[in-house]
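In what follows, a structure is listed as structure tokens, so that the remarks can point back to it.
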Number of protein chains: 2
Amino acid sequence: MRILVVEDDAILAEGTCESLSKAGYAVDLAETGTRANAMIEAGSYDLVLLDIGLPGMDGFEVLRRLRKHNRNIPVLIISARDDIDFRVYGLDLGADDFMLKPFVLAELHARTRALLRRHALSERNTLSCGELLIDLGAQRAHVDGEPLELSIREWDVLVYLLRNQGKVVRKEAIVETLCDWKTDITLNAVEVYISRLRSKLDSHGVHIRTVRGFGYLLEEPAE
Amino acid sequence: MRILVVEDDAILAEGTCESLSKAGYAVDLAETGTRANAMIEAGSYDLVLLDIGLPGMDGFEVLRRLRKHNRNIPVLIISARDDIDFRVYGLDLGADDFMLKPFVLAELHARTRALLRRHALSERNTLSCGELLIDLGAQRAHVDGEPLELSIREWDVLVYLLRNQGKVVRKEAIVETLCDWKTDITLNAVEVYISRLRSKLDSHGVHIRTVRGFGYLLEEPAE
DNA sequence: CTCTAGCTGACAGAAAGCTGACTATTGAGT
DNA sequence: ACTCAATAGTCAGCTTTCTGTCAGCTAGAG
């Protein structure tokens, strides 16, 4: 269970990290917002403890950027400002919980456990095919170790293909998974998604095969 | 078709069960998560309607335990919380569909039907003949372990032959299975399909015998 | 040997799929 | 409120692949 602590106050950071480490979590520390974003991009964390009052890029900005890509990582905001507006603002931006400074370590642990349990990332859920790796928990995809930029639609289609790896998937089925029951999307749209996915995946050796008259097939990494 | 409804709200539960019963399903009710898990273990259900907001063991936990053992049962999650995170989370855990309360019964029925249909289709049923193996669920054919490229027509004819393995199949019957009603295809077309199939299968020891004046015969793996 | 059912290569028209371009929409940033 | 950028979905034209027919050929029954 990996936790990223984003905190500029050295003393508070040390206390927090140490306490969490002792509790058995793998803890990393980021002292600035910029660094925090970089680390979140690079590593896959199960929880982010985010101090709002950071020098430079502030916590809200970090959160906003984080939510752009990793929609699912739980974020616990820590703020010195006893201001209900910040609380609302933070939750609007997609924070999962909010804690005021000063706090006792027991509360930190309780909230940490609660968040992790709620998100149950203990059962990290990944799908893969050859050099393609998808982390459902963090909602991120990688090929050849490089992060892959996917729009929501592309993501959904790819996940569906991966879940049905080795099976031929009909376009109708893809449409159904996209818009749960109101099927007002053309089948051609699926062709477009596939086309866009291919342009991102083909060069990495992940091929979506067309099975004429049936649909598409993501073959197992047979080579 | 047996459905297990997991719902603690007595009124909602009754309405749901009654409606599904009337639609011809055999419906059982579980009021708690613990009971739900026990019943799933014991009985063989074709679908589970799972409310997330349960007292005691919550829906996610039920789902997690269920997936540990009976991975294939389709699960439709029902949640009062209008929260995309729950949706993603539930789907991550292996739910097959997601519905928000309040819902109209028509939607419930539509989703139920869709899930049962989809599941029935994905059941792995296979046909085989010697080294030839056909997976109807995945819509894939293999010979000698190698995937076999077939067009729709070839696929249909081959499936028909396999379904009538050991029997002589008349060309007229094949034409009928192809174009359900408009039989404006020449019998010669069947000869062409067979010819094309043979060129793909012969080298793998799968022989379609001609029975002069009658039709074709796919012999059982005599060897 | 003859006759006929069946085989199969070739082909043209049809169908299915691909993709660049375009429009509408959304959402962030100012 | 406005702008800019990214995304979603449609469309149209193009490419690829399949289909069904034909015609000439093969081969089995008598």
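Labels below follow one simple rule: chain letters A, B, ... track the order of the sequence lines, proteins then strands, and each chain is numbered from 1.
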| task | Determine yes or no for a side-chain-to-main-chain donor-acceptor pair under 3.5 angstrom, with A/D51 supplying the side chain and A/V6 the backbone. | result |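 Here the side-chain-to-backbone pair does not exist.
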
Counting C-beta onward and ignoring hydrogens, is there a side-chain heavy-atom pair between [X] and [Y] closer than 4.5 Å?
X     : Y      : result
B/I3  : B/L49  : yes
B/Y25 : B/T112 : yes
B/L76 : B/L108 : yes
B/V75 : B/L47  : no

Round to the nearest Å and state the distance from [X] atom [atom1] to [N] atom [atom2].
X      : N      : atom1 : atom2 : value
A/L197 : C/dT19 : CG    : C1'   : 14 Å
A/F214 : C/dG17 : CZ    : C1'   : 15 Å
A/R209 : C/dC18 : CZ    : C1'   : 16 Å
A/I194 : C/dT19 : CD1   : C1'   : 13 Å
A/R198 : C/dG20 : CZ    : C1'   : 16 Å
B/E172 : C/dA5  : CD    : C1'   : 13 Å
A/D202 : C/dT19 : CG    : C1'   : 13 Å

N/O-N/O pairs, protein side and nucleotides 2-5 of chain D side, under 3.5 Å:
none

| query | So, is A/S199 close to the C/dT19 phosphate, meaning a side-chain N or O under 4.0 Å from OP1 or OP2? | reply |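 For C/dT19, OP1/OP2 do not have a side-chain N/O of A/S199 under 4.0 Å.
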
| message | Under 4.0 Å from OP1 or OP2 of C/dG17: is there any side-chain N or O of A/K171 that close? | response |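 Looking at the OP1 and OP2 atoms of C/dG17, one of them is under 4.0 Å from a side-chain N or O of A/K171.
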
| note | Per-nucleotide protein contact along nucleotides 17-30 of chain D, 5' to 3', at a 4.0 Å heavy-atom cut-off (B base, S sugar-phosphate only, - neither), is BSBBBBB---B---

Can you list everything that forms a side chain to side chain contact (heavy atoms under 4.5 Å, CB included) with [X]? Sequence neighbours excluded, please.
X      : answer
B/H204 : B/V143, B/D144
B/R198 : B/I194, B/D202, B/I208, B/T210, B/Y216
B/S195 : none

| Would the number of heavy atoms belonging to other residues, nucleotides or ligands and lying under 6.0 Å from CZ of B/F214 be above 12? |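 No, because the 6.0 Å sphere around CZ of B/F214 holds 12 heavy atoms or fewer from other groups.
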
| query | Quick one: do the A/H142 and A/R140 side chains pair a donor with an acceptor below 3.5 Å? | reply |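 A donor-acceptor contact under 3.5 Å links the two side chains.
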
| message | Just by distance, no angles: are the side chains of A/D28 and A/Y45 close enough, under 3.5 Å, to form a donor-acceptor pair? | response |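 Yes, because at least one side-chain N or O of A/D28 sits under 3.5 Å from a partner of the opposite role on A/Y45.
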
| said: Angle between the two end axes of the helix from C/dC1-D/dG30 to C/dT30-D/dA1, five base pairs per end, rounded to 10 degrees? | reply: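 End-to-end axis angle for the helix from C/dC1-D/dG30 to C/dT30-D/dA1: 30°, rounded to 10°.
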
